[in-house]
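The model shown is predicted, which means the values in this text are computed figures rather than measured ones. Every chain is numbered from 1 and lettered A, B, ... according to where its sequence line falls, protein lines coming before strand lines.
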2 protein chains.
Amino acid sequence: MDATDKAILLLLQKNGKITIKEIAERLNLTTTPIFERVKKLEREGFITSYKAIVDRKKVNLQLIIFCNVTLNLHQTDFLKKFEKDIQQFPEVVECYHVAGMFDYLIKIYAKNMEEYQQFLSNKLASLENISKVQSSFVMTEVKTLSHLPL
Amino acid sequence: MDATDKAILLLLQKNGKITIKEIAERLNLTTTPIFERVKKLEREGFITSYKAIVDRKKVNLQLIIFCNVTLNLHQTDFLKKFEKDIQQFPEVVECYHVAGMFDYLIKIYAKNMEEYQQFLSNKLASLENISKVQSSFVMTEVKTLSHLPL
DNA sequence: AGTGAAATTGCAGTCAC
DNA sequence: GTGACTGCAATTTCACT
């Protein structure tokens, strides 16, 4: 992981479809070393995958909600149960077990408030072991990661 | 946006490098309609970009921290100022203006606790107008989005 | 909107240095 | 690392349904 590798990762994070040739041109190198470096970064797991990024609003997911969830019981079994349950819900796009003022932070995408309310009442709140749920509604996305700070 | 378009988006979100030919095979169609649909999805902004996904831990970003930030003053000018400042910090990978028990939720990547402490003391806490910062440290990533729930 | 084949073209991958 | 080379697969087009 030298400066060239970092530069390659930055370019690929910005544009996963950039060609070896173009990377080479931007870094003032030829294709051979770039080709080998990219393959190495893939092989060694620095690059885990390539993905198309889909516009959330275009597919009608208008709402982002963060929920702070607190559980009643904290034995391993109960945590595992909660984690397994939460993964089933398609509305939950991220879930973190955190150390802080609550137990889990979950991020939810919903089409609208009604869908979120359904999720909360019928899905989340109906799980056993939930003690407290506190929702924060996203008004604006001030910054969203496009690439890791290398 | 019919079922075929959705299926295409799902495949491309999972693997941005999948070929037109392979999508066609999976959906039991030929390349021509897939080609045109993909171009349309790109052209109309459903697909905003293609990216390489880099392994956070491989590049030594071991810590994820979520901060709940509360400001003192909430006039537009002060909000804009804070939002502008926060965007400068490379440690901050996401920032949301939320309606809830605090004002902003920020997500931070750090190499280690020392780096986070430096960020907190020297960068975040030294901004004007900060009233309260409450950190939650991620212990485990229970679920992380790989594709939008379409 | 789809098929199926054909045309094109530019990239991935290789090699000698 | 360079630079040239090439096979070939993928994209892209077209006539037709």
Whole Å only: how far is the [atom1] atom of [X] from the [atom2] atom of [N]?
X     : N      : atom1 : atom2 : result
B:I23 : D:dA9  : CD1   : C1'   : 15 Å
A:N28 : D:dG3  : CG    : C1'   : 15 Å
B:E36 : C:dG2  : CD    : P     : 9 Å
B:I20 : D:dC8  : CD1   : P     : 22 Å
A:K40 : D:dG1  : NZ    : P     : 11 Å
A:F35 : C:dG10 : CZ    : C1'   : 15 Å
B:E22 : D:dT11 : CD    : P     : 10 Å
A:L27 : D:dG1  : CG    : P     : 10 Å

Check your understanding: Just by modelled atom types, is the A:K17 backbone N or O under 3.5 Å from a matching donor or acceptor in the B:K51 side chain?
Key -> no
Closest listed nucleotide, where the reference is the side chain of [X] and the choices are [options]:
X     : options                : answer
B:R37 : C:dA1, D:dT2, D:dT13   : C:dA1
A:K39 : D:dG1, C:dG13, D:dT12  : C:dG13
A:T31 : C:dG13, D:dG1, D:dT2   : C:dG13
A:P33 : C:dA12, D:dT2, D:dT12  : D:dT2
B:T32 : D:dT11, D:dC14, C:dA12 : D:dC14

Practice item. Identify the heavy atoms of A:K143 and B:I86 that sit nearest to each other, and give their distance. Key: NZ-O, 4.3 Å
Review point. Quick one: do the A:E36 and A:T32 side chains pair a donor with an acceptor below 3.5 Å?
Key: no
Review point. Do A:Y50 and A:E42 have a side chain donor and acceptor closer than 3.5 Å?
Key: yes
Check your understanding: Base, sugar-phosphate, or nothing for A:T19, non-hydrogen atoms under 4.0 angstrom?
Key -> sugar-phosphate
Check your understanding: Touch check for A:K17, heavy atoms < 4.0 angstrom, all strands: base, sugar-phosphate only, or nothing?
Key -> nothing
Point to revise | Charged tip of A:K107 within 45° of A:F66 ring normal and under 6.0 Å | key: no
